[in-house]
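Contents: one structure, followed by commentary.
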Amino acid sequence: MKMPANTFLAALRAGEKQVGLWVSLASNYAAEVTAGAGYDWLVVDMEHSPGDVQTTLGQLQAIAPYTSTAIVRAPWNDAVMVKRLLDIGAQGILFPMVQSADEARAAVAATRYPPDGIRGVAGSMRGSRFGRIGDYYARANDETAVIVQVETLYAIKQAIEIADVKGVDGIFFGPADIAADMGLIGQPMQEDVWATIRPVARELMKMGMPVGTLVTDPRFAAQLLNEGFTFVACGTDTGLLAKAADGLLAQMRQGIEGK
């Protein structure tokens with residue numbers, strides 16, 4: 001058996017626009033519901049969710065029959081955790097709060113087998129379909145997406161150096177944390193936040209570095225893709241559920257006399 005191509009990574013390298021969704025409910029059942037929608041990429045979140053390695057495994061198994069590429073956001077830039085996530089079949093890692101080129105190099109190294117990195121070698125694990133993918137060790141380094149998050153004003157200043165690190169496949173801007181660092185906590189859509197992000201994003205695009213983010217306004221998400229962002233997530237499963245539940249209740253209350 002040959003290792004299948006990472007379609008999300010191939011799309012990034014080709015400059016093809018990729019629409020994503022955040023998966024934060026730590027539920028394989030909910031992950032399957034979202035996977036059926038057909039988003040290009042799904043982020044199984046471990047940083048800001050109750051998920052652990054076991055729940056993440058279940059979510060990856062639920063997503064696997066569908067066309068979406070499963071990227072896991074690790075809770076931190078930790079080589080031990082990254083090794084475990086890759087072994088259970090993550091097709092890429094989103095590294096939170098990368099502040100420097102050195103931290104980006106550490107992220108890449110955690111995803112690469114020696115001599116290119118420090119990932120430990122497991123004999124039989126889900127990533128290699130329990131040894132059935134004959135060329136797994138030869139191709140895993142090239143087929144694992146490494147996305148690093150730039151989430152502070154300091155990191156924005158280092159963004160070009162971070163993007164220069166060999167093995168970084170994409171730069172992901174975190175507007176919520178950037179807003180907080182600007183004294184605008186809870187205002188990720190504030191104009192000044194995007195006036196800070198956009199010029200750096202354009203410089204990265206000129207370098208040929210794919211740029212991405214998460215925003216929950218689909219019109220703005222589409223606008224960013226049209227501006228040259230390559231991968232943009234346009235919502236979260238938790239947000240969708242909350243809005244739908246609130247909307248349904250409000251609709252019912254409007255229709256009930258005397259309520």
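These numbers come from a predicted model, not from an experiment.
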Pairs of donor and acceptor atoms involving the side chains of residues 82-96, under 3.5 Å and at least two apart or interchain, shall be tabulated with distances.
from, atom 1, to, atom 2, distance (Å)
Asp87, OD1, Arg119, NH2, 3.0
Gln91, OE1, Ala70, N, 3.0

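- Atom CZ of Arg129 sits in a sparse spot, with 12 or fewer heavy atoms from other residues, nucleotides or ligands closer than 6.0 Å.
- The shortest heavy-atom contact between Val98 and Ala155 is O-CB, 3.6 Å.
- Judged purely by atom type and a 3.5 angstrom limit, Asn141 has no side-chain atom pairing as donor or acceptor with the backbone of Arg112.
- Counting Ile, Leu, Val, Met, Phe, Trp and Tyr side chains that sit under 4.5 Å apart, directly or through other members, Trp76 shares a hydrophobic cluster with Met97.
- By the 4.5 Å heavy-atom criterion applied to side chains, Leu240 and Leu21 are counted as neighbours.
- Listed by first and then second residue, the ring-ring contact (aromatic ring centres under 6.0 Å, His included) pairs involving residues 107-134 are Tyr113-Tyr137 (not counting sequence neighbours).
- Of the inter-residue distances, the one linking Glu143 atom CD with Thr7 atom OG1 reads 9.5 Å to the nearest 0.5 angstrom.
- For the pair Ser49/Val44, no side-chain contact is recorded, criterion being any heavy-atom separation below 4.5 Å from C-beta on.
- Scanning both residues, Gln190 and Asp192, for their nearest heavy atoms gives OE1-N, 2.6 Å.
- Trp22 contributes no side-chain N or O that, together with a main-chain N or O of Leu214, makes up a donor-acceptor pair within less than 3.5 Å.
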- [ ] Go through the steps to decide whether Met81 and Val53 satisfy the test side chain to side chain contact (heavy atoms under 4.5 Å, CB included), and finish with yes or no.
- [x] CA-CA 9 Å; Met81 176 59 75; Val53 175; 3.8 Å; yes
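- For the pair Leu25 and Gln59, the minimum side-chain heavy-atom distance is 4.5 Å or more.
- Taking both residues in full, the closest heavy atoms of Leu57 and Arg126 are given as CD1-CD, 3.7 Å, listed atom of the first, atom of the second, then distance.
- By the rule that hydrophobic residues join a cluster once side-chain heavy atoms approach within less than 4.5 Å of another member, Met1 and Met3 end up as members of one cluster.
- The hydrophobic cluster containing Met207 also contains Val148, counting ILVMFWY residues as joined when their side-chain heavy atoms lie under 4.5 angstrom apart, directly or transitively.
- A donor-acceptor contact shorter than 3.5 Å is absent between the side chain of Asp40 and the backbone of Gly20.
- Residues Ala159 and Leu204 share a closest heavy-atom pair of O-CD2, 3.8 Å.
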Show me the side-chain donor-acceptor pairs of residues 164-187 shorter than 3.5 Å, one per line, residues at least two apart or across chains.
from, atom 1, to, atom 2, distance (Å)
Asp169, OD2, Val146, N, 2.9
Asp181, OD2, Leu153, N, 2.9

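- Residue Trp41 is not grouped with residue Met209 when hydrophobic side chains (ILVMFWY) are merged at heavy-atom distances under 4.5 angstrom, including chains of intermediate members.
- Across Ser68 and Ile63, no two heavy atoms sit closer than the pair O-CG2, 3.8 Å.
- For the residue pair Ala145 and Ile71, the shortest heavy atom distance occurs at CB-CD1, 4.3 Å.
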Only distances under 3.5 Å count here; give the side-chain donor-acceptor pairs of residues 220-236 to other protein atoms, sequence neighbours excluded, each with its distance to 0.1 Å.
from, atom 1, to, atom 2, distance (Å)
Gln223, NE2, Glu227, OE2, 3.1
Asn226, OD1, Lys17, NZ, 3.3
Asn226, ND2, Ala222, O, 3.3
Glu227, OE1, Arg198, NE, 3.0
Glu227, OE2, Arg198, NE, 3.4
Glu227, OE2, Arg198, NH2, 2.9
Thr236, OG1, Thr238, OG1, 3.3
Thr236, OG1, Gly239, N, 2.9

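- When the side chains of ILVMFWY residues are joined at heavy-atom separations under 4.5 Å, either directly or via intervening members, Ile133 and Val121 end up in a single hydrophobic cluster.
- Leu12 is not connected to Met205 by any chain of hydrophobic side-chain contacts under 4.5 Å among Ile, Leu, Val, Met, Phe, Trp and Tyr, and they are in different clusters.
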- [ ] Dump the intermediate steps for side chain to side chain contact (heavy atoms under 4.5 Å, CB included) on Val72 and Leu60, then the final yes or no.
- [x] CA-CA 9 Å; Val72 177; Leu60 294 177; 4.1 Å; yes
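- Applying the side-chain hydrogen bond (donor to acceptor under 3.5 Å, both in side chains) rule to pairs touching residues 96-108 yields Gln99-Thr152, Asp102-Arg105, sequence neighbours excluded.
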